[in-house]
Protein chains: 2
Amino acid sequence: MNTQLEAALAVSTVIFALRPDPEAGLSTLWLPLVRRTREPYLGQWALPGGGLPADEELAGAAARALRETTGLTPKYLEQLYTFGDPARSPGGRVVSVVYWALVESGEAALAVEDENVRWFPADHLPPLAFDHNRIVEYALWRLRTKVEYSRIAHAFLGEIFTLAQLRAVHEAVLQKALDPANFRRTIESSGTVVDTGQRVAGVPHRPPRLYRYNDSVHATAPGALEPAIG
Amino acid sequence: MNTQLEAALAVSTVIFALRPDPEAGLSTLWLPLVRRTREPYLGQWALPGGGLPADEELAGAAARALRETTGLTPKYLEQLYTFGDPARSPGGRVVSVVYWALVESGEAALAVEDENVRWFPADHLPPLAFDHNRIVEYALWRLRTKVEYSRIAHAFLGEIFTLAQLRAVHEAVLQKALDPANFRRTIESSGTVVDTGQRVAGVPHRPPRLYRYNDSVHATAPGALEPAIG
DNA sequence: GCAAAAGTGTTTAAACTACACCCATGC
DNA sequence: GCATGGGTGTAGTTTAAACACTTTTGC
């Protein structure tokens with residue numbers, strides 16, 4: 001074994017899902033963490049991830065980390081940032097390419113959870129290994145910023161959804177109430193959703209329309225650089 | 001020497017400066033490229049960069065690449081994206097953490113230029129090594145997007161400047177004319193500049209005020225994550 | 001005075017916000 | 001009928017764009 005001059009390369013993923021919060025009445029953001037099984041930070045919670053296999057895409061490694069820890073498939077996946085401070089890992093330098101992902105809420109309820117994988121409320125995390133608290137904070141900022149001008153909120157929902165459900169996603173992410181009337185107009189004029197013609201039946205009030213995501217609207221970075229999924 | 005299973009790690013920098021274009025009357029965006037001195041892509045132009053020294057910060061390596069190729073110091077430096085497609089480098093996998101930088105226009109005129117370092121107009125590049133054309137395209141998109149909502153245009157100017165100079169920067173980057181009256185109001189109300197009380201003398205018209213950059217206004221990502229400089 | 005750019009004022013349209021009010025269903 | 005959330009209408013406010021007009025300098 002030769003001395004390691006170069007930094008090791010790792011890929012990690014910040015995975016967000018909406019879950020009903022036992023404290024608050026509404027849904028809030030949760031994320032799965034894995035327990036470290038070796039030093040440094042043995043026993044502490046950390047972001048899912050690992051080394052980069054020789055022939056795997058960065059985004060592929062991020063999606064795999066997600067699948068292997070939670071059993072879920074991301075509906076949205078985008079590169080967040082690359083962290084490379086020489087002192088961020090006590091055991092030797094590690095450069096981490098970090099992705100962030102959104103998974104569907106319904107599916108997230110089925111996620112694997114055991115001794116070494118647990119979900120935590122994103123805004124109340126324990127002290128994590130490495131600089132992972134800071135990474136999650138940055139991912140949260142990106143998510144909240146992007147929800148306001150992008151259409152990523154759909155990633156938390158299924159194929160079809162009501163505008164009330166979409167609004168609930170925005171409200172949970174942004175942690176503030178939104179005017180239903182204005183929200184409807186904003187979304188409808190953005191052209192990001194399409195009326196399916198279907199309605200929800202059996203509700204004790206006027207049956208809401210069901211909408212579908214409109215994938216023909218894009219307007220992001222050139223060359224389809226971002227996102228990897230979504 | 002053992003077989004290389006892991007990907008090699010590199011840091012590259014897209015460096016922007018404004019230079020008067022001989023074709024057009026106005027200034028346009030230029031960037032320095034270096035000639036490859038070995039395979040693959042021997043002799044072709046590429047982004048400045050190199051491997052990551054064991055104890056150097058990512059942003060530090062990016063700034064060093066800039067200094068070593070151009071002799072300049074960046075006034076703005078921010079991480080762009082990490083490119084890691086397994087097939088992007090013919091000679092073996094390379095994961096590149098790419099930064100983008102802005103240098104002051106006045107200083108950029110003094111930049112080193114020789115057989116192996118040359119400046120090119122950012123919108124008319126020759127075919128570059130690796131996926132560097134795509135990287136520059138993405139960097140240009142980020143620059144143009146960010147100029148509209150951020151205050152990075154100052155990085156192209158000196159300590160003090162007139163609003164006409166600042167407007168010229170915006171116009172050169174965005175490639176469109178801006179209304180002087182509305183530009184003034186937008187900038188003044190944003191609080192990003194401060195009147196120095198000084199004026200430019202000797203001009204054959206009403207002497208313009210000189211402004212200074214206001215560093216007390218920030219409002220970006222949490223934890224001072226971005227930018228590294230600026 | 002004239003040319004030229006600095007700087008101010010005004011008008012219009014578009015976008016956002018708040019909130020009143022009607023609609024359609026289950027019970 | 002009543003409660004509840006779906007959905008529409010509208011007035012007030014803010015923001016942005018277009019452009020006329022005044023100011024201050026050198027020559």
Side-chain angles (χ1 to χ4, degrees), chain A residues 20 25-27 144-151 153 157-158 160-212 217 219, chain B residues 20 25-27 144-151 153 157-158 160-212 217 219:
Chain A
L26 318 127
S27 287
R144 290 185 166 132
T145 306
K146 198 147 190 173
V147 159
E148 296 203 272
Y149 69 87
S150 178
R151 347 191 283 326
L157 298 173
I160 56 174
F161 47 86
T162 66
L163 287 189
Q165 289 174 322
L166 187 59
R167 178 163 50 85
V169 170
H170 278 81
E171 291 180 336
V173 172
L174 300 176
Q175 295 177 301
K176 66 174 179 186
L178 298 173
D179 185 308
N182 296 334
F183 181 82
R184 163 177 298 275
R185 271 183 292 253
T186 306
I187 295 295
E188 278 180 342
S189 70
S190 74
T192 57
V193 298
V194 183
D195 189 348
T196 62
Q198 297 173 262
R199 286 161 187 274
V200 175
V203 288
H205 53 75
R206 182 169 171 174
R209 296 167 189 269
L210 282 164
Y211 292 83
R212 183 189 310 282
V217 184
Chain B
L26 319 126
S27 288
R144 289 186 167 132
T145 306
K146 198 149 189 172
V147 158
E148 296 203 273
Y149 69 88
S150 177
R151 345 192 284 324
L157 299 171
I160 56 175
F161 48 85
T162 67
L163 287 189
Q165 289 175 321
L166 186 61
R167 178 163 49 86
V169 170
H170 278 82
E171 290 180 336
V173 171
L174 299 176
Q175 295 177 302
K176 66 175 179 184
L178 298 173
D179 184 306
N182 295 333
F183 182 81
R184 164 176 299 275
R185 270 184 292 254
T186 306
I187 296 294
E188 279 179 341
S189 70
S190 74
T192 57
V193 298
V194 184
D195 189 348
T196 62
Q198 298 172 263
R199 284 161 187 274
V200 175
V203 288
H205 53 75
R206 180 168 174 175
R209 296 167 190 271
L210 282 164
Y211 293 83
R212 183 189 310 283
V217 184

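Heavy atoms only: backbone and side chains are in, while hydrogens, waters and symmetry mates are out. Chain A is the first sequence line, chain B the second, and so forth, proteins listed ahead of strands; every chain is numbered from 1.
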Decide side chain to side chain contact (heavy atoms under 4.5 Å, CB included) for R144(A) and V147(A); before the verdict, give the C-alpha distance in whole Å, the side-chain angles of both, and the deciding distance to 0.1 Å.
CA-CA 5 Å; R144(A) 290 185 166 132; V147(A) 159; 6.0 Å; no

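At distances below 3.5 Å, at least one donor-acceptor pair connects side-chain atoms of R199(A) with backbone N or O atoms of P207(A). Without hydrogens or angle criteria, Q165(B) side chain to T162(B) main chain gives a donor-acceptor distance under 3.5 Å. Within the 3.5 Å criterion, the main-chain N or O of T196(A) finds no donor-acceptor partner in the side chain of R209(A).
Summarising the local packing, CZ of R212(B) is surrounded by 12 or fewer heavy atoms from other residues, nucleotides or ligands at distances under 6.0 Å.
With sequence neighbours left out, E171(B) forms a side-chain hydrogen bond (donor to acceptor under 3.5 Å, both in side chains) with no residue at all.
Between the CZ atom in R185(A) and the CG atom in N182(A) there is a gap of 5.0 Å [rounded to 0.5 Å].
In summary, contact between chain A and DNA chain C, defined as any nucleotide atom under 4.0 Å from a heavy atom of the protein, begins and ends at dT17(C) to dG26(C) in the 5' to 3' direction.
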Spell out protein contact along nucleotides 17-27 of chain D as letters: B when the base is contacted, S when just the sugar-phosphate is, - when no protein heavy atom is under 4.0 Å; keep the 5' to 3' order.
BBB---BBBS-

